[in-house]
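Quick notes on the structure that follows.
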Amino acid sequence: MFNKVLIANRGEIAIRILRACKELGIQTVAVYSTADENAMHVKMADESICIGPPPSLKSYLNIPAIISACEISGADAVHPGYGFLSENFGFVEKLEAHSIKFIGPKFEHIKMMGDKILAKKSAVNLGIPIIPGSNGEVKDFKEAKKIADKIGYPIIIKASSGGGGRGMTKVLEEKDLDSSLKKSALEAKKIFNDERVYIEKYLQNPKHIEVQIIGDEYNNLIHLGERDCSIQRRNQKLLEESPSIVDRKIRKDICQLTVDSLKSINYSSVGTVEYLYEDGNFYFMEMNTRLQVEHPVTEEIYNFDIVKEQILSASKYKLSVDQNSLNPSGHSIECRINAENPDTFIPSPGIISNFYDPGGPGVRVDSGCYSGLEIPPHYDSLIAKLIVYDKDRISCIKRLKRSLEEFVIEGIETTIPFFLDLLEQEKFLNGDYDINWLEDYQNNKERP
Ligand code: ADP
């Protein structure tokens, strides 16, 4: 078992990992930028080390500073959380060179899935259905036109190194193809330093359904069901729930296919395979080789600690459960509460003057907030995750509503009012929504 784990992250996820380490009896080291001096993860860790000024590039993405922090503290492993360095295989290589364990999958799997073009090719080789589109990178208009003519409009141009909902352009007709292609490649170069783009058929009304898996270093691998993450704005998730409303048999099949495929490449640690689901068919979109923001909804319905199991598996323990011993039940929903205006979603950093989080049966809040904390403007605006659990979806929604009503966050704007409005919408209440529903609803609402 590890002696000391350094958590190369901040906010709620750093605290989530700290809690798992504490329960496992592992010492913890927090790292922080000067903007996070008063952050909760710093107060909760056994030790903490400042790794630089506020900009992420100089702190949470600063590999030499993080490796120095490992050496100074004597940490024998690093948990990267999500975002920041969690899918950076160069970081894994450097840690290995210093004999520090990266709590995550193997270097080659991070590399394979981090490149979306390579990931799609790998999915084909593994027998996973993909969205029709280009067979790899698209270099020029001629090539793009040939593919678009074959699959039909609308299409979507995506950056091979894209992430966080960025680097995607929808093209409705041929007259926009040339300019969109050039614009996408330029943008991809600017944001991700990789100009390679590829083309996919744009699916009109799919659901975003993803499968959670976890494996150990002995090629035992299981799935923990699926999550519906179709409540999105600008391709970014706002609310996730599990189970999805997809037919039970179809769900079981996609989970099994995901497990079989990843077992065949000897995948270890946690991971999520993201699919679009339309008209009874699943299409591979991408794989995230890390813990995801929305992992708690799965933890709730499986009564299973994904983070502890991930740490144990990285320290060479065998999985503590097998597929047949798992018995999911009930329903869980997570709301991502962001420090943003609930109508415009413009970030709202500042000092939280009053913070009171909800409780009671089936209510979990993952957050690092407290009254008096300043939310810095430099990072992601996620400040709290409200996760509720109940025996079925209807009861879960009622519990979610009363929890949102109980939640007090003052001094800054948050997306709590947005969720309260969402919970009044019939389409949401019926589970009858796809990835475009929310934006359509909001656009119509804004019209007088
Ligand atoms: P990222 O890594 O940036 O999150 P993804 O590939 O996971 O990008 O896609 C994010 C979201 O974009 C999806 O959940 C979906 O809403 C939308 N999207 C991606 N590909 C397509 C597609 N081919 N057709 C329709 N929507 C898509």
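Numbering of ligands and ligand atoms starts at 1, following listing order.
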Check your understanding: Relative to each other, are the rings of Y379 and Y60 parallel, tilted or perpendicular (30° and 60° limits)?
Key ->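 Aromatic pair Y379/Y60 classed perpendicular.
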
Exercise for review: Mark yes or no: K207 above the aromatic ring of Y433, with NZ or CZ under 6.0 Å from the six-membered ring centre and no more than 45 degrees from the axis.
Suggested key: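 Judged by the rule (NZ or CZ under 6.0 Å from the ring centre, within 45° of its axis), K207 counts as positioned above Y433.
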
Practice item. Working to the nearest 0.5 Å, report the span between CD of Q292 and NZ of K237. Key: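 Going from the CD atom of Q292 to the NZ atom of K237 covers 4.5 Å.
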
Point to revise | Contact check, side chains of F304 and T298, non-hydrogen atoms, under 4.5 Å | key: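 Side-chain contact under 4.5 Å: no.
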
Check ligand 1 against the protein and report each N/O to N/O distance under 3.5 Å, formatted as atom name, atom name, distance.
residue  : atom   : partner : partner atom : Å
ligand 1 : 2 (O)  : K116    : NZ           : 2.9
ligand 1 : 2 (O)  : E286    : OE1          : 3.4
ligand 1 : 2 (O)  : E286    : OE2          : 2.7
ligand 1 : 3 (O)  : G164    : N            : 3.1
ligand 1 : 3 (O)  : G165    : N            : 2.6
ligand 1 : 6 (O)  : K116    : NZ           : 3.2
ligand 1 : 6 (O)  : K158    : NZ           : 3.4
ligand 1 : 7 (O)  : E274    : OE1          : 2.9
ligand 1 : 7 (O)  : E286    : OE2          : 2.7
ligand 1 : 8 (O)  : K116    : NZ           : 3.2
ligand 1 : 12 (O) : N235    : OD1          : 3.3
ligand 1 : 14 (O) : H208    : ND1          : 2.7
ligand 1 : 14 (O) : Q232    : OE1          : 3.4
ligand 1 : 14 (O) : Q232    : NE2          : 2.8
ligand 1 : 16 (O) : Q232    : OE1          : 2.7
ligand 1 : 20 (N) : K158    : NZ           : 2.8
ligand 1 : 23 (N) : E200    : OE1          : 2.9
ligand 1 : 23 (N) : K201    : O            : 3.0
ligand 1 : 24 (N) : L203    : N            : 3.0

Exercise for review: Scan S332, S395, S329 and name whichever one has a side-chain hydrogen bond (donor to acceptor under 3.5 Å, both in side chains) with Y389.
Suggested key: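 Of the listed residues S332, S395, S329, the side-chain hydrogen bond (donor to acceptor under 3.5 Å, both in side chains) partner of Y389 is S329.
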
Tell me which donor-acceptor pairs under 3.5 Å the side chains of residues 6-16 have, and how far apart each pair is, sequence neighbours excluded?
residue : atom : partner : partner atom : Å
N9      : ND2  : P80     : O            : 2.8
N9      : ND2  : Y82     : O            : 2.8
R10     : NE   : D36     : OD2          : 2.7
R10     : NH2  : D36     : OD1          : 3.0
E12     : OE1  : K385    : NZ           : 3.2
E12     : OE2  : Y82     : OH           : 2.5
E12     : OE2  : K385    : NZ           : 3.0
R16     : NE   : H295    : NE2          : 3.4
R16     : NH2  : E299    : OE1          : 3.4
R16     : NH2  : E299    : OE2          : 2.8
R16     : NH2  : D305    : OD1          : 2.8

